[in-house]
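Here the structure is laid out as structure tokens; the discussion comes afterwards.
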Amino acid sequence: MEVVAVIDFETTGLSPAQGDRATEVAAVIVADGQVVDRYQSLMNAGVSIPPFIEALTGISNAMVRSAPPAAQVMREIANFVGDYPLVAHNASFDSKFWDAELARTTRTRRQDFVCSLLLSRRLLPQAPSHKLGALVEYANLPVAGRYHRALADAEMAASLLLRLTDELRERHQLPHVSVELLRKLQRVPKHQIERCIARERGG
DNA sequence: TGCCAGGCCCTCTTTAGGGCCTT
């Protein structure tokens with residue numbers, strides 16, 4: 001697989017369209033089957049963190065008040081990931097916040113997302129749950145730190161991505177797992193996944 | 001005024017509803 005950047009946001013809620021903002025972001029660079037570089041920062045978007053979210057993430061209002069401005073952090077992480085393909089667990093969530101926070105700078109996203117949730121539902125359908133924490137436990141992946149902190153979640157999503165590529169190589173006997181193949185597989189209807197992989201193997 | 005996410009995926013489906021997943 002080519003080099004990719006696995007990202008994760010902590011936010012004040014679920015929807016930037018409803019006024020929610022990012023409070024922390026992390027990215028890990030995955031190359032040659034391992035994490036080779038890391039970026040993490042709290043970010044101050046000037047908004048209040050609801051008590052429920054503060055309890056969920058452990059990120060307090062005091063912590064973000066002393067953090068760098070959100071736009072500065074987004075410029076830094078955009079520089080950090082460059083043009084590498086982006087990966088996230090439930091990428092529809094992280095891509096919304098990536099685009100919304102980046103729109104507050106002069107930058108725009110140049111690459112597509114790969115979603116480890118969509119891939120897990122297809123490649124690990126027997127897992128009891130496809131939450132990140134449940135998949136880490138199911139696949140015996142290392143717990144990288146506190147759940148719902150950006151760097152720990154990005155590290156664990158990276159481990160999961162590598163586990164999924166192993167699954168394709170070993171169980172499905174696909175010698176070359178490319179980002180383009182992952183983008184294709186995450187869009188294949190679930191009931192067609194076995195047939196699609198067999199076609200990839202055959203041709 | 002009152003509402004308040006949204007895409008994926010299954011099924012007792014497609015003229016729909018509800019659970020899953022992210023914070």
Side-chain angles (χ1 to χ4, degrees), chain A residues 5-28 40-64 67 70 73-74 77 86-104 109 112-139 141 143-161 163-164 182-197:
Chain A
V6 183
I7 71 152
D8 186 75
F9 276 105
E10 304 308 318
T11 71
T12 61
L14 294 174
S15 174
Q18 300 295 320
D20 292 320
R21 295 293 306 274
T23 57
E24 186 180 49
V25 66
V28 300
Q40 177 189 35
S41 182
L42 291 164
M43 47 204 286
N44 184 358
V47 294
S48 180
I49 301 173
F52 166 73
I53 301 291
E54 188 168 330
L56 179 72
T57 64
I59 298 171
S60 67
N61 283 294
M63 288 164 70
V64 295
V73 172
M74 288 308 298
I77 196 169
L86 298 176
V87 181
H89 196 67
N90 198 4
S92 68
F93 173 85
D94 289 278
S95 64
K96 276 188 305 188
F97 279 94
W98 184 272
D99 291 348
E101 294 294 344
L102 211 56
R104 295 171 178 273
R109 173 160 60 95
D112 288 332
F113 271 84
V114 170
C115 178
S116 58
L117 170 63
L118 295 179
L119 289 170
S120 296
R121 283 175 174 160
R122 287 160 176 75
L123 300 176
L124 299 175
Q126 69 277 27
S129 158
H130 294 88
K131 293 180 186 178
L132 181 59
L135 288 164
V136 165
E137 183 175 356
Y138 173 77
L141 303 173
V143 176
R146 176 182 171 142
Y147 286 107
H148 294 300
R149 286 302 299 265
L151 184 59
D153 280 3
E155 298 251 17
M156 290 187 281
S159 294
L160 174 61
L161 177 71
R163 175 72 179 75
L164 294 170
L182 297 179
R183 287 201 181 106
K184 181 176 180 179
L185 293 180
Q186 72 181 2
R187 292 191 305 265
V188 172
K190 268 193 79 175
H191 67 279
Q192 293 177 13
I193 191 68
E194 291 292 338
R195 196 187 324 167
C196 180
I197 291 173

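Every chain is numbered from 1 and lettered A, B, ... according to where its sequence line falls, protein lines coming before strand lines.
Across all strands, A:Ser129 comes closer than 4.0 Å only to sugar-phosphate atoms, never to a base (heavy-atom distances). Within 4.0 Å (heavy atoms only), A:Phe9 reaches sugar-phosphate atoms of the nucleic acid but no base atom. Heavy atoms of A:Gln18 sit under 4.0 angstrom from at least one base atom. At a threshold of 4.0 angstrom between heavy atoms, the contacts of A:Asp8 are confined to the sugar-phosphate backbone, with no base atom among them.
Closest approach of A:Ser120 and A:Leu135 over heavy atoms only: OG-CD1, 3.6 Å.
For B:dG19 and B:dC12, the C1' atoms lie 15 Å apart once the distance is rounded to whole Å. Annotation: B:dG6 and B:dT1 have their C1' atoms spaced 24 Å apart (nearest Å). Annotation: B:dG2 and B:dC20 have their P atoms spaced 32 Å apart (nearest Å). Distance check on atom P: B:dT23 versus B:dT11 gives 27 Å, rounded to whole Å. Across B:dT22 and B:dC3, the matching P atoms stand 28 Å from one another, rounded to whole Å. One C1' atom belongs to B:dC9, the other to B:dC4, and the distance between them is 24 Å to the nearest Å.
Each of B:dT23, B:dA5, B:dC21 was ranked by its minimum atom distance to the side chain of A:Thr57; first place goes to B:dT23. Out of B:dA5, B:dC21, B:dT23, the shortest distance to the side chain of A:Arg121 is found at B:dC21. The side chain of A:Ile53 lies closest to B:dT23 when the candidates are B:dC10, B:dC20, B:dT23. With B:dC9, B:dC21, B:dT23 as the choices, the nucleotide that has an atom nearest any side-chain atom of A:Asn90 turns out to be B:dC21.
Note: CD (A:Gln186) to C1' (B:dC9) measures 15 Å, nearest angstrom.
Note on A:Thr23: every side-chain N or O is 4.0 Å or more away from OP1 and OP2 of B:dT23. For A:Arg122 and B:dC9, the shortest distance from a side-chain N or O to OP1 or OP2 is below 4.0 Å. The phosphate of B:dC21 has neither OP1 nor OP2 within less than 4.0 Å of any side-chain N or O from A:His89.
A:Thr57 and A:His148 are not linked by any side-chain donor-acceptor pair at a separation below 3.5 angstrom, with hydrogens and angles left out of the test.
A salt bridge links A:Arg21 to A:Glu101: one of the charged nitrogens lies within less than 4.0 Å of a carboxylate oxygen.
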Decide salt bridge (Lys or Arg N to Asp or Glu O under 4.0 Å) for A:Arg149 and A:Glu24; before the verdict, give the C-alpha distance in whole Å, the side-chain angles of both, and the deciding distance to 0.1 Å. CA-CA 8 Å; A:Arg149 286 302 299 265; A:Glu24 186 180 49; 2.7 Å; yes
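By the 30° and 60° cut-offs, the orientation of the rings of A:Phe9 relative to A:Phe97 is tilted.
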